[in-house]
Amino acid sequence: MSDLKIYNSYSRQKEVFTPITPGHVGMYVCGPTVSGESHLGHSRPYITFDVVYRYLTYLGYKVRYVRNITDAGHFEEEGREAEDKISKKALLERLEPMELVQKYTNLFHWAMDRFNTIPPSIEPTATGHIVEQIEMIRKLISEGYAYEVNGSVYFDVKKYAANYDYGKLSGRIMDDLLETTRELEGQSEKRDLADFALWKNAAPEHIMRWPSPWGVGFPGWHIECSAMATKYLGPQFDIHGGGMDLLFPHHESEIAQSTICNHQNPVRYWIHNNMITINGRKMGKSYNNQIMLTQMFSGDHPLLEKAYHPMVIRFFVLQTHYRSTLDFGNEALQASEKGLKRLWEAYEKLGVIGTPAGQAGSDLGAGAPDIELDKKVRRLIRELSEFMNDDFSTAKVMANLFELVPVINGIKDKVIPVSAISAETLDLMKISFRVWLEDILGLKGISDADNQLLQGVMDLLVEIRKEAKGKKDFATSDKIRNQLTQLGILLKDEKDGGMSWGLA
RNA sequence: GGUCCUGUGGCCGAGUGGCUAGGCAGAGCUCUGCAAAAGCUCGUACAGCGGUUCGAAUCCGCUCGGGACCUCCA
């Protein structure tokens, strides 16, 4: 169906993508833990996999995209009581646990919408799949790979490692794991330090709790993904994505659980995105260096020089390869902002080239065809697919789109005659920009000027200014432009006598 | 300590051994009533030291620096 190559974290090499069921793709991506507000770091996986989803769809695959909401809260915070993060905070904020979870889920959805990410096909919650998780744990016990102690159930990693390749995904060596695993609460009841919890007995103060065959408790962190992925995508599916920080232990454990339960390796292609760093360090709770998305959008954070539009962040993320780290910085963000504006304006100009509105039509025939230019344009467009097929190289895709910008501006400003490129090439450019910019990269313009009323008022002002300019009444024309500038509206004179405007 | 990744011009970043990625900032020029925008031109960067090679940012070794995971984590 395509020549798409994906870097598979499991094999550590690029592999040609071949779906299990021809024409269909099952993709699971680890979603957010909604015990708190999403920060800038969270934008990376969801934007990355949104583009993966969009591209697979563009290639013609019918994709079932499953992304979970972790709302059951996790535990085992070192040194503390086995207290659920969510329930603890709930007490502080005097909210019901589910009320809190709902609040952050809504906030997450709001941010994802602003990023223009397409909602997943299914967005299952951990709390909504307690039954499935319990069922899976039962199965693991009956298979002999899990054991119960004091109302908790653990996965027997040592036994699994003896028969399967535990640690392959994360490059871990079993012997090292046994030595380097830290002392954690509840460790004593495990048979081995490397074992992980499938079900935890809930202490009395623990608010989130469900009855189970082993008593009242709550599910372990890794089991939800295995249970929900199996339920909606089957015992083996095509793509599993998530942040690199989830490689171990989360994804390694998922493989172990699912393999025992379903008797096959659950995932064909593992895709992991790299981290967003700030001053070279990963953004994360433990580092206390996070900038929340609400703060990014509002500019309300000491590290932010200004507010950044969600599309600027999306652009920023896509300008680098998903497997590289991306370093946060005001200068870099502002570069993205200007870059996006330039690209988007060129895209809008492209839309009217060759039409009566954009070109007078009189000088359309002027100038000889520029074979070289035509070839260059076609090459740049052809390469877009090649780059994307090479493990989603969005950075290169954008570089090529930028190389087309001077061509578009040149034609618009009549530095390059329209006739330099063939009508077919012009059409190809128009279609390509729409498909790549909007459909695949999922970008949108930043300007909020889609207001009918404002549009009408601006048309009027532009009209008056044109008249003033015609009479060489520069006092009036400058007044209009300067006053608008103060209001945050940039008015620009075009080469062809027209005027364009946009919000600064 | 173990495993792994990484070090590119002012900033962010592509880079498959030989063919100036790209964006932003900066400089000059053109266009323009002025401005903005736009167009053209410019910086010869690859942590350091060795090695392999006709040729290395790209492969190997060492040194120095940064980071990730091993604990919740996108």
Side-chain angles (χ1 to χ4, degrees), chain A residues 12 29-33 35 38-49 70 73-79 85 167 170-173 175-177 179-185 194 221 241-250 252 272-277 279-287 290 315-316 319-321 323-343 345-346 349 387 390 393-403 405-406 408-410 412-413 415-416 469 472 474 477-478 481-482 485 490-495 500 502 504:
Chain A
R12 288 151 198 263
V29 173
C30 287
T33 300
S35 60
S38 302
H39 58 76
L40 178 62
H42 293 106
S43 63
R44 181 89 116 130
Y46 308 125
I47 290 172
T48 297
F49 289 104
T70 297
H74 298 127
F75 21 79
E76 294 193 352
E77 287 183 279
E78 47 188 301
K85 275 189 294 179
S170 54
R172 233 129 286 225
I173 296 157
D175 291 341
D176 294 342
L177 280 175
E179 286 164 20
T180 59
T181 306
R182 295 190 193 181
E183 272 302 332
L184 294 171
E185 173 278 325
W221 175 35
M244 275 183 184
D245 49 354
L246 299 180
L247 269 165
F248 189 88
H250 186 54
E252 198 69 61
H272 289 95
N273 64 274
N274 213 317
M275 303 291 106
I276 286 182
T277 59
N279 295 324
R281 175 160 258 128
K282 174 188 170 186
M283 188 177 287
K285 280 174 210 151
S286 344
Y287 298 110
Q290 350 157 52
F315 183 95
F316 175 64
Q319 230 181 347
T320 159
H321 187 85
R323 281 191 287 116
S324 303
T325 52
L326 173 58
D327 202 41
F328 161 88
N330 280 288
E331 230 181 317
L333 254 339
Q334 279 159 39
S336 291
E337 182 176 283
K338 292 198 175 172
L340 173 58
K341 270 189 177 164
R342 194 165 113 89
L343 193 57
E345 277 171 20
K349 286 180 201 166
F387 294 155
D390 185 18
S393 285
T394 53
K396 285 181 166 184
V397 166
M398 289 176 104
N400 268 28
L401 290 176
F402 268 109
E403 287 204 59
V405 168
I408 294 168
N409 285 331
K412 183 69 172 60
D413 292 344
V415 176
I416 301 170
K469 273 189 76 178
K472 297 223 185 289
F474 297 124
S477 67
D478 283 353
R481 190 178 58 199
N482 293 338
T485 304
L490 290 181
L491 200 58
K492 291 179 277 191
D493 291 344
E494 304 276 305
K495 288 247 159 87
S500 65

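Each chain gets a letter, A, B and so on, in the order its sequence line appears, and its residues count up from 1. All values reported here derive from a predicted model rather than from experimental measurement. All values below were derived from every heavy atom in this structure, side-chain atoms included, with hydrogens, water molecules and symmetry-related copies excluded.
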Rounded to the nearest angstrom, tell me the gap between atom CE in Met244(A) and atom P in G67(B). 17 Å
Is the positively charged end of Arg342(A) above the ring of Phe402(A), judged by distance under 6.0 angstrom from the centroid and angle within 45° of the axis? no
For nucleotides 12-18 of chain B, give me every protein contact, N/O to N/O, under 3.5 Å, one pair per line with atom names.
from	atom 1	to	atom 2	distance (Å)
G13(B)	OP1	Asp327(A)	N	2.5
G13(B)	O3'	Thr320(A)	OG1	3.2
A14(B)	OP1	Thr320(A)	OG1	2.4
A14(B)	OP1	His321(A)	N	3.1
A14(B)	OP1	Ser324(A)	OG	2.9

Assigned partner base of A68(B), Watson-Crick or wobble definition, under 3.5 Å: U3(B)
Take atom CG of Asn279(A) and atom P of G66(B), then tell me their distance rounded to the nearest Å. 14 Å
Rounded to whole angstroms, how far apart are NE2 on His272(A) and P on U3(B)? 21 Å
Between the base of G22(B) and the side chain of Asn400(A), is there a donor-acceptor distance below 3.5 Å? no
Over how many whole Å does the gap from Arg12(A) atom CZ to C4(B) atom C1' extend? 7 Å
Can you figure out which of A74(B), C69(B), A21(B) approaches the side chain of Met275(A) most closely? A74(B)
Is there, by distance only and without an angle test, a donor paired with an acceptor across the side chain of Asp493(A) and the base of C34(B) below 3.5 Å? yes
Base of G33(B) and ring of Phe474(A) stacked, centres under 5.5 Å, planes under 30°: yes
With hydrogens left out and only the distance checked, is there a donor-acceptor pair under 3.5 Å joining Ser170(A)'s side chain and the base of C69(B)? no
